[in-house]
There are 2 protein chains.
Amino acid sequence: MRTATAAQIHADGPTADGARTEGAPLHASVYEELRRRLITGKITPGVGLSTRGLALELGVSQMPVRDALSRLAAEGAVVIRSKRRIEVAPMTADRFADLLACRLLLEPEAAVAALPRLDARAIRRLRAIDTELDRAIEGGDVIAYMECNFAFHFGLYRANGRATLNRLIEALWLQFGPFMRTVYGYYGAANLVDQHRLALDALEAGDADALRAAIAADIADGMGLIGRSRLETRVETRLDVS
Amino acid sequence: MRTATAAQIHADGPTADGARTEGAPLHASVYEELRRRLITGKITPGVGLSTRGLALELGVSQMPVRDALSRLAAEGAVVIRSKRRIEVAPMTADRFADLLACRLLLEPEAAVAALPRLDARAIRRLRAIDTELDRAIEGGDVIAYMECNFAFHFGLYRANGRATLNRLIEALWLQFGPFMRTVYGYYGAANLVDQHRLALDALEAGDADALRAAIAADIADGMGLIGRSRLETRVETRLDVS
DNA sequence: CCTCGCGAGCTGTGATCGCAGGAGCGGCGA
DNA sequence: TCGCCGCTCCTGCGATCACAGCTCGCGAGG
């Protein structure tokens, strides 16, 4: 009984940008939709994606879904388990540490590169996103939190004009997105601390070093939440179960 | 009777590793083959890839080729020009600088992470690759040089066990590979300087800082060759022409 | 001789079909 | 009642067909 609760790709979503992708290839729309679901954690690890199932759900044939999943597999977001199974990449402590290190390597750089190219209006927009993020945290809305978090970081990064660097970072988010969702759902979003304020202040002050430190702290904080409590193994187990 | 000069994927190549991929999905073989061609520069920018053409050349249907090209597009190696055209991503000065910065960010880190996990035998193997690389430089064999260069760097990186980081780096190589081939073919491989010796020495000495510096110098040197002579624009023009 | 228009061919994209194989489950034997 | 074996459904993979759109070349008109 799928009852098509999920939005079909070319359904007339009033707010969805799915309608905006009109004219674009179908597989691109499918890819964007799946990417959104992954980054915002709507797709949690362990669930069994299937080309036919997703095709049915999105109202398209299985061909675009195959293309989209192929792209996602190329970016490491999902793995094709030989035959018969295709699911989001399982998380291990090693892979988690690897992802964290990569994020710490790339994202502060991306933020600093964006610093001289941000005007006051852009900063104000980021601050608005941050406000909405705070509301999401207070309301305990994990999905909204992750969407705002994504919007904040990439609203900042995209200003740097470095498409290659940003693409690498997106690949990283694609990989830890589903995992973070599981973690936050496990922990609750109440414990989250908003570390973006310092970044915004550094942005307005034009202080590169402070910005670098703020972004690094944000990453380390959000993800350290897990490392500190040795949650990896527990979550790993949980993933295996579910 | 298509003269099939290029190796078909599952042709009975005696030396080819194409036979080794037996049992694996066909699209994976196609992807590996295309990736090799891109990284080693066998595919230069401006040439018109086509699913049907490649399928004919590789002896498969166009479906696996589509999957493979989709993956490569996801990694930024090729771009799908709306309709009717699919070619390797064009290079610009900005994108080049972006790629260079990303490489300088990631690769020294990957090398240092591999340092404590290399035994003497692995270092000897890297030294052997480096010797072969020198021979390729003296002989002016650009293809062999790029293959050896790839083997050297990733033979080193792969020891670090950080799959995510290495995958990011591979994506970068995939993007600048075809471009470097053009540059070297333009410049000639004779001007190349082998900067790997310092890295090998640092490896044997276990000196992380020296290794970091050596890798950074290797990258900056090989790619600075272009920046110093303001070759970007000329090559860019050349790409537009061809 | 030059220019403009139109048609054919080739392109990527999407749909449908067939195939081999693995996983889950029901039935049968002890 | 429990364990094992066979089957069946469903999966991903590959092939083939159909379609819309872009490009390029050829021919007609000035």
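Within every chain, numbering begins at 1; the chains are lettered A, B, ... in the order of the sequence lines, protein sequences first and strands thereafter. Worth knowing before you read on, the calculation uses all heavy atoms, side chains too, and leaves out hydrogens, waters and symmetry mates.
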Quiz item: Can you name the residues that form a side-chain hydrogen bond (donor to acceptor under 3.5 Å, both in side chains) with B/R95, not counting sequence neighbours?
Solution: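 By the side-chain hydrogen bond (donor to acceptor under 3.5 Å, both in side chains) rule, B/R95 matches B/Q175.
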Practice problem: Report the residues that fulfil side-chain hydrogen bond (donor to acceptor under 3.5 Å, both in side chains) with B/R71, sequence neighbours left out, ordered by chain and then residue number. | Solution: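 side-chain hydrogen bond (donor to acceptor under 3.5 Å, both in side chains) list for B/R71, sorted by chain: empty.
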Quiz item: So do A/I143 and A/K42 actually touch side chain to side chain, heavy atoms under 4.5 Å?
Solution: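 A side-chain contact under 4.5 Å exists here.
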Practice problem: Taking the side chain as every heavy atom from C-beta outward, state whether A/W173 and A/M146 have any pair of such atoms under 4.5 Å apart. | Solution: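 Answer no - side chains too far apart.
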Can you tell me how far [atom2] of [N] sits from [atom1] of [X], to the nearest Å?
{"X": "A/D67", "N": "C/dT13", "atom1": "CG", "atom2": "C1'", "result": "8 Å"}
{"X": "A/L72", "N": "D/dG12", "atom1": "CG", "atom2": "C1'", "result": "16 Å"}
{"X": "A/I86", "N": "D/dC10", "atom1": "CD1", "atom2": "P", "result": "18 Å"}
{"X": "A/Y31", "N": "C/dT13", "atom1": "OH", "atom2": "C1'", "result": "18 Å"}
{"X": "B/H27", "N": "D/dG12", "atom1": "NE2", "atom2": "C1'", "result": "8 Å"}
{"X": "A/L56", "N": "D/dT11", "atom1": "CG", "atom2": "P", "result": "10 Å"}
{"X": "A/L54", "N": "D/dT11", "atom1": "CG", "atom2": "C1'", "result": "13 Å"}
{"X": "B/I80", "N": "C/dT13", "atom1": "CD1", "atom2": "C1'", "result": "11 Å"}

Could you pull out the protein-nucleic contacts involving nucleotides 15-19 of chain D (nitrogen or oxygen on both sides, under 3.5 Å)?
from	atom 1	to	atom 2	distance (Å)
D/dA15	OP2	B/S61	N	3.0
D/dA15	OP2	B/S61	OG	3.1

Quiz item: At under 4.0 Å between heavy atoms, what does A/L49 touch on the DNA or RNA strands: base, sugar-phosphate, or nothing?
Solution: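 Touches sugar-phosphate only.
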Quiz item: A/R37 side chain to A/I43 main-chain N or O, any donor-acceptor pair under 3.5 Å?
Solution: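 Checking the backbone N and O of A/I43 against the side chain of A/R37, no donor-acceptor pair under 3.5 Å is found.
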Are any protein N/O atoms closer than 3.5 Å to N/O atoms in nucleotides 7-9 of chain C? If there are, list each pair with its distance.
from	atom 1	to	atom 2	distance (Å)
C/dG9	N2	B/R84	NH2	3.4

Exercise. Inspect the contact between A/R36 and A/E33 and indicate whether a charged nitrogen and a carboxylate oxygen are less than 4.0 angstrom apart.
Key: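 No.
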Practice problem: Please name the pair of heavy atoms, one in A/A111 and one in A/L156, separated by the smallest distance, quoted to 0.1 Å. | Solution: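 Between these two residues, the closest heavy atoms are CB-CD2, 3.9 Å.
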Could you pull out all donor-acceptor pairs under 3.5 Å where a side-chain atom in residues 162-169 of chain A meets a protein atom, sequence neighbours excluded?
from	atom 1	to	atom 2	distance (Å)
A/R162	NE	B/D98	OD1	3.1
A/R162	NH2	B/D98	OD1	3.3
A/N166	OD1	A/N160	ND2	3.2
A/N166	ND2	A/Y157	O	3.4
A/N166	ND2	A/N160	OD1	2.9
A/N166	ND2	A/R162	O	3.3
A/R167	NH1	B/A74	O	3.4

Name every donor-acceptor pair, under 3.5 Å, that has one atom in a side chain of residues 59-69 of chain B and the other anywhere in the protein, sequence neighbours excluded.
from	atom 1	to	atom 2	distance (Å)
B/S61	OG	B/M63	N	3.2
B/Q62	NE2	B/T51	OG1	3.1

